[in-house]
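See below for the structure under consideration.
Labels below follow one simple rule: chain letters A, B, ... track the order of the sequence lines, proteins then strands, and each chain is numbered from 1.
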There are 2 protein chains.
Amino acid sequence: MLRISKLTDYGIVLLARFAAEPPGTTLNAREMSEATGLPLPVVSKMLKTLAGAELLRSQRGAKGGYHLMRAPEAVTVAELLDALEGGVALMDCTAGPGHCEQEQNCNVREPWQRINRAVLGALETVTLAELVQPNTPSNLIDIQLRADAPPSDAR
Amino acid sequence: MLRISKLTDYGIVLLARFAAEPPGTTLNAREMSEATGLPLPVVSKMLKTLAGAELLRSQRGAKGGYHLMRAPEAVTVAELLDALEGGVALMDCTAGPGHCEQEQNCNVREPWQRINRAVLGALETVTLAELVQPNTPSNLIDIQLRADAPPSDAR
DNA sequence: GGATAGGGGACCATTCTGGTCCGGTAAATA
DNA sequence: TATTTACCGGACCAGAATGGTCCCCTATCC
């Protein structure tokens, strides 16, 4: 199905939740659980992951919680998937050399790399901030990408 | 990792193999297995799947085998993934209504649909024929897509 | 010091994935 | 018509991934 995992989905929903708050707002796991309707253990786990990925900053102890480390405008969906899914690679071989034992006699590799870059490019054009905004005209601008001008990091 | 499954990969490799032959060439499972180095049962299974998806036509009996139903230029990668993975949907909710129980109170849905369309668009710009061609200059043309001009079928 | 809240794991049930196998049927050939 | 070739349909299975829970530890606030 070419789908991202549920956990990743949850992580993004959580981040979007933070992005919808005033900058710097601190929220704890319980509040996030209530806000999203997701089970507390799951929320807790994902917040930990997001903090580990340096997308959220954690604050321990009473009155602790999490808050966004960067402005929502500065976080791309590609980064989110990178942090939550460990990179964006349609096939093993696009994840880098040595991932596929057929690397030599495969003639489909290069086009797939292009496709992968294309998809990655698409994901890099959308920011966390845009995920949060309601449907505005400015939201309907083109998502464009060029396969021959690949993004910075071809994972 | 946002990756496609190994089986899908195999399926595409097999199709690419057919596309590399003169139009109408019939090959059977054993030959495909030898050509690709994949185990015969796996090859057989995937060929069956591809035939079921109307990408290959099967011919039973002695001297039987499979051949491409359409010209490689007329088959997009999006179609391949559709046939092999049952559609391209990054998240459950992008697969259509009723797939997510949070459909109501979710504010991230619409942007995701756009992203999904963008990715789908990228996959639709590449054909099976292009997967087969070696690295030619014409192969490096832009892969462009517009999120506001979604493909025919938003799965 | 007590309460709150994150940190780091282990842990587990279920599903998915990759791969195998087998009996049945269709077609070609002799 | 008998035989051989090759697809058809589906069962089946081991192992990995996924989604989710739980627990003990440490940090911080009051």
(message) Is there a continuous path of hydrophobic side-chain contacts, each under 4.5 Å between heavy atoms, that joins Leu14(A) to Met69(A)?
(response) no
(request) Kindly indicate whether the side chain of Arg17(A), heavy atoms from C-beta on, has any atom under 4.5 Å from the side chain of Val132(A). (result) no
(message) Can you measure Ile4(B) atom CD1 to dG18(C) atom C1' for me and round it to whole angstrom units?
(response) 14 Å
(request) Take atom CG of Leu7(B) and atom C1' of dT20(C), then tell me their distance rounded to the nearest Å. (result) 12 Å
(message) For dG19(D) and Tyr10(A) - does any side-chain N or O of the residue sit under 4.0 Å from the phosphate oxygens OP1/OP2?
(response) no
(message) If I take atom CG in residue Leu84(A) and atom C1' in nucleotide dG19(D), what distance separates them, rounded to the nearest angstrom?
(response) 15 Å
(request) Starting at atom NZ of Lys6(A), determine the distance to atom C1' of dA17(D), rounded to an integer number of angstrom. (result) 14 Å
(request) Give the rounded distance in Å between these two atoms: CG of Leu40(B) and P of dC21(C). (result) 11 Å
For residues 48-63 of chain B, which side-chain N or O atoms pair as donor and acceptor with protein atoms under 3.5 Å away, sequence neighbours left out?
unit_1   : atom_1 : unit_2   : atom_2 : d
Thr49(B) : OG1    : Lys45(B) : O      : 3.1

(message) Using 0.5 Å steps for rounding, measure from the CG atom of Leu80(B) to the CG atom of Leu131(B).
(response) 7.0 Å
(request) Can you check each nucleotide of nucleotides 2-14 of chain D against protein heavy atoms at under 4.0 Å and return B for base, S for sugar-phosphate only, - for none, in 5' to 3' order? (result) ---BSBSBB----
(request) Round to the nearest Å and state the distance from Arg3(B) atom CZ to dT18(D) atom P. (result) 7 Å
(request) Return the nearest nucleotide to the side chain of Val42(A); candidates are dG20(D), dG19(C), dG19(D). (result) dG20(D)
(request) Apply salt bridge (charged side-chain N to carboxylate O under 4.0 Å, His left out) to the pair Glu79(A) and Arg70(A), showing each step before the final yes or no. (result) CA-CA 12 Å; Glu79(A) 284 181 281; Arg70(A) 281 186 281 161; 3.0 Å; yes
(request) Would you give the length of the straight line joining atom CZ of Arg30(A) to atom CG of Leu40(A), rounded to the nearest 0.5 angstrom? (result) 9.0 Å
